[in-house]
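Below: one structure, written as structure tokens.
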Amino acid sequence: QVQVVESGGGLVQPGGSLRLSCAASGGIATINVMGWYRQAPGNARELVADIRIGGSAYYANSVRGRFTISGDNAKRTVNLQMNNLKPEDTAAYYCNVLGMTEQGRGFNSWGLGTQVTVSS
């Protein structure tokens with residue numbers, strides 16, 4: 001079974017920075033996509049950023065230019081560097097991993113989330 005664990009959330013003032021980390025483990029043969037989603041109370045879950053094999057990355061318009069996603073496929077990790085944080089960034093952030101297990105099965109796994117609160 002694939003496990004996904006996030007870390008790095010916390011309370012930060014507007015304009016501050018945080019770095020989120022995600023680690024996947026458990027019988028993984030290949031990771032195709034690692035991404036970050038977020039969900040604030042009353043809002044739908046939205047894709048923040050993802051990174052794919054080959055290094056291509058996607059960013060939501062709301063975070064483009066402020067956030068940077070990076071990954072290490074060999075280590076099965078992905079990071080999200082968040083700069084110039086705004087109150088609108090306040091949400092629970094979830095790591096999502098898509099790939100193939102050592103058993104030859106595709107998987108789509110989620111972490112339990114880490115809270116980011118941007119407030120003065």
Side-chain angles (χ1 to χ4, degrees):
Q1 184 176 354
V2 175
Q3 293 84 45
V4 179
V5 180
E6 307 102 331
S7 63
L11 175 64
V12 65
Q13 296 183 34
S17 298
L18 284 173
R19 185 176 180 87
L20 305 183
S21 298
C22 173
S25 62
I28 298 171
T30 305
I31 291 178
N32 299 117
V33 186
M34 298 187 77
W36 289 95
Y37 291 74
R38 68 185 182 189
Q39 187 167 23
N43 290 356
R45 184 182 63 182
E46 64 175 343
L47 175 63
V48 177
D50 66 26
I51 187 166
R52 308 184 177 221
I53 56 174
S56 62
Y58 164 85
Y59 297 94
N61 289 337
S62 59
V63 307
R64 196 182 310 275
R66 299 187 297 120
F67 291 9
T68 302
I69 190 169
S70 61
D72 187 332
N73 200 296
K75 295 181 180 179
R76 308 291 196 246
T77 60
V78 65
N79 301 310
L80 186 68
Q81 178 66 45
M82 305 185 295
N83 297 326
N84 191 24
L85 284 161
K86 303 176 180 180
E88 67 186 86
D89 297 317
T90 296
Y93 284 70
Y94 300 90
C95 181
N96 176 235
V97 185
L98 304 178
M100 184 171 292
T101 71
E102 294 173 343
Q103 308 300 318
R105 305 287 185 177
F107 70 89
N108 180 351
S109 298
W110 293 84
L112 295 178
T114 185
Q115 179 67 36
V116 172
T117 301
V118 184
S119 176
S120 59

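- Contact annotation: the side chain of Cys22 never approaches that of Leu20 to less than 4.5 Å [non-hydrogen atoms, C-beta and beyond].
- Sorted by first and then second residue, the side-chain hydrogen bond (donor to acceptor under 3.5 Å, both in side chains) pairs with a member in residues 15-26 read Ser17-Asn83, Arg19-Gln81, Ser21-Asn79; sequence neighbours excluded.
- Each of Glu102, Arg76, Met100 was checked for a side-chain contact (heavy atoms from CB on, under 4.5 Å) with Ile28, and the lone residue meeting it is Arg76.
- With a 4.5 Å cut-off on side-chain heavy atoms, Leu85 and Gln13 do not count as touching.
- Distance OG1/Thr68 to CD1/Ile51: 10.5 Å, rounded to 0.5 Å.
- The minimum heavy-atom distance linking Ala40 with Ala91 is given by the pair N-CB, 3.9 Å.
- A chain of hydrophobic side-chain contacts below 4.5 Å, direct or via other Ile, Leu, Val, Met, Phe, Trp or Tyr residues, connects Phe67 to Val12.
- Heavy-atom neighbours of Arg66 CZ from other residues, nucleotides or ligands within 6.0 Å: above the threshold of 12.
- Considering CG of Leu11 and CD of Gln115, their distance stands at 10.0 Å, rounded to 0.5 Å.
- Smallest separation of non-hydrogen atoms from Gly9 and Val116: CA-CG2, 4.2 Å.
- Rounding to the nearest 0.5 Å places OH of Tyr94 at 8.5 Å from CG of Leu112.
- Rounding to the nearest 0.5 Å places CG of Leu80 at 11.0 Å from OG1 of Thr114.
- With rounding to the nearest 0.5 Å, the separation of CG in Asp72 from OG1 in Thr77 is 5.0 Å.
- Under the 4.5 Å side-chain contact rule for hydrophobic residues, Val2 and Val97 share a cluster.
- Annotation: side chain of Trp110 is not in contact with side chain of Cys95 (no heavy-atom distance under 4.5 Å).
- Residue pairs meeting the side-chain hydrogen bond (donor to acceptor under 3.5 Å, both in side chains) criterion with at least one member in residues 37-51, sequence neighbours excluded: Arg38-Glu46, Arg38-Ser62, Arg38-Asp89, Arg38-Tyr93.
- Formation of a donor-acceptor pair under 3.5 Å by the Asn73 side chain with backbone atoms of Ile31 is found in this model.
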Could you pull out every donor-acceptor pair under 3.5 Å between side chains of residues 53-61 and any protein atom, sequence neighbours left out?
from, atom 1, to, atom 2, distance (Å)
Tyr59, OH, Ile69, N, 2.8
Asn61, OD1, Arg64, NH2, 3.1

